[in-house]
Amino acid sequence: DITVGPLIDVAAAGNDNSICVNGGVVQLNATPLTGAWTPTPYLTAGGSFDPVIAGLGPHAITFCVGSGTCLSCDTRTVTVIPPPIVDAGPALGFCAYEPVQDLAENPQGGTWSGSTGITDALQGLFDPGAAPLFDNALTYTYTDPVTGCTNSDNVLITVNEEPVANFTNDPIACQNAPFAFTDLSTGNTSWQWDFGDGIGTSSSPFPVYAYPDTGTFTITLVVGTGSNCTDTITGSVTVWPSPVIDFTVDVSEGCGPLTV
């Protein structure tokens, strides 16, 4: 006689599901705990599933319990899906005095991190004045609301130091006489002078200018850096007429010694 008994344990591999390819190794659960998964290059008997090794697309995997004629197996499909495409935008450079910038992330709805210059992590607002000078490595992280997969992208934001414009000059100049200006600026590589009379300009750090007219004039100095950051300062000078040398003699000739 042959006696056929019921299966003591029935394998249940669980529902079909999706896994993000960049989500790391995932532990698959099935019942009963006495069963095991059929091993593959991307799946261990204990249920550790590696989506990177598996690759994108659907993968049918099998979970079994028992042995011989009392073996129960169940199949489950795990689909490996790609992460969202995330773009943090191009590398940018700002001067420290520039206003708050709206970073160009795509798609929107993620979170920014990586610098104290980020004043709104959700809106992507970056304040150059609140950020450290020079390199700021930012990260934009986005989670697809449909698939639940997350991806990120990095971008380098450079905050350039601003120069400080400064100069000095004597308060009085003489008409048509060479008049010097002394530059005291720091952090700059260029100079642009406007001597305020509608005529004179210079790009020298220590210019000399002869005012052709009299009056009080406003001098403007704009200094710049190689990263196009600038600073401006103004000063003034009053130009007086040059003295006119003249004299007369009361005696034009006579016997010497001659007193005039």
Side-chain angles (χ1 to χ4, degrees), residues 1-92 102-126 135-157:
D1 294 339
I2 298 174
T3 302
V4 178
L7 288 173
I8 298 175
D9 294 316
V10 177
N15 296 327
D16 297 345
N17 68 309
S18 297
I19 295 176
C20 304
V21 70
N22 62 341
V25 174
V26 176
Q27 179 62 45
L28 301 180
N29 295 317
T31 59
L33 297 179
T34 54
W37 294 93
T38 302
T40 69
Y42 51 84
L43 177 66
T44 67
S48 294
F49 184 96
D50 191 327
V52 174
I53 297 176
L56 297 176
H59 302 274
I61 55 178
T62 302
F63 178 79
C64 297
V65 62
S67 62
T69 58
C70 293
L71 179 67
S72 173
C73 295
D74 189 24
T75 300
R76 169 180 179 178
T77 298
V78 175
T79 302
V80 179
I81 58 177
I85 297 174
V86 177
D87 184 9
L92 299 170
D102 189 354
L103 301 176
E105 72 277 4
N106 185 49
Q108 295 183 343
T111 302
W112 286 91
S113 61
S115 172
T116 56
I118 298 173
T119 57
D120 191 320
L122 298 179
Q123 296 297 320
L125 300 182
F126 181 84
D135 291 347
N136 288 257
L138 307 186
T139 300
Y140 178 65
T141 303
Y142 173 81
T143 299
D144 189 315
V146 176
T147 66
C149 292
T150 297
N151 201 6
S152 63
D153 189 30
N154 300 319
V155 65
L156 183 65
I157 304 296

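- In terms of modelled atom types and a separation under 3.5 Å, the side chain of Y140 and the main chain of G110 share a donor-acceptor contact.
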* Asked: Given the rule in the side chain to side chain contact (heavy atoms under 4.5 Å, CB included) test, do I19 and I81 qualify, once you have shown the distances and angles that lead to the verdict?
  -> CA-CA 6 Å; I19 295 176; I81 58 177; over 6 Å; no

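- A pairwise comparison of heavy atoms in I118 and F126 identifies N-CD1, 4.0 Å as the closest pair.
- R76 places a side-chain N or O within 3.5 Å of a backbone atom of N15 that can act as its donor or acceptor partner.
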* Could you walk me through whether L28 and I61 pass side chain to side chain contact (heavy atoms under 4.5 Å, CB included), step by step? => CA-CA 11 Å; L28 301 180; I61 55 178; 3.3 Å; yes

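- Checked by atom type and distance alone, the side chain of D87 never pairs as donor or acceptor with a backbone atom of N106 at under 3.5 Å.
- With hydrogens and angles disregarded, a donor-acceptor distance shorter than 3.5 Å links the side chain of Q27 to the backbone of G46.
- Of all the heavy atoms in H59 and A54, the pair that sits closest is CE1-O, 3.0 Å.
- Nearest heavy-atom pair across C73 and T62 is CB-CG2, 4.0 Å.
- Looking only at distances, no side-chain donor or acceptor of S115 sits under 3.5 Å from a matching main-chain atom of L138.
- Of the possible polar contacts, none joining the D144 side chain to the P83 backbone as a donor-acceptor pair under 3.5 Å is found.
- With rounding to the nearest 0.5 angstrom, the CG atom of N136 is 11.5 Å from the CG atom of L92.
- The shortest heavy-atom contact between G109 and Y142 is C-CD1, 4.0 Å.
- Between the N151 side chain and the I85 main chain, no donor and acceptor come within less than 3.5 Å of each other.
- Between atom OG1 of residue T141 and atom CG of residue N154 there is a gap of 8.0 Å, rounded to the nearest 0.5 Å.
- With sequence neighbours excluded, the residues forming a ring pair (Phe, Tyr, Trp, His ring centres under 6.0 Å) with F49 are Y42, listed by chain and number.
- Remark: F63 engages W37 in a ring pair (Phe, Tyr, Trp, His ring centres under 6.0 Å) (not counting sequence neighbours).
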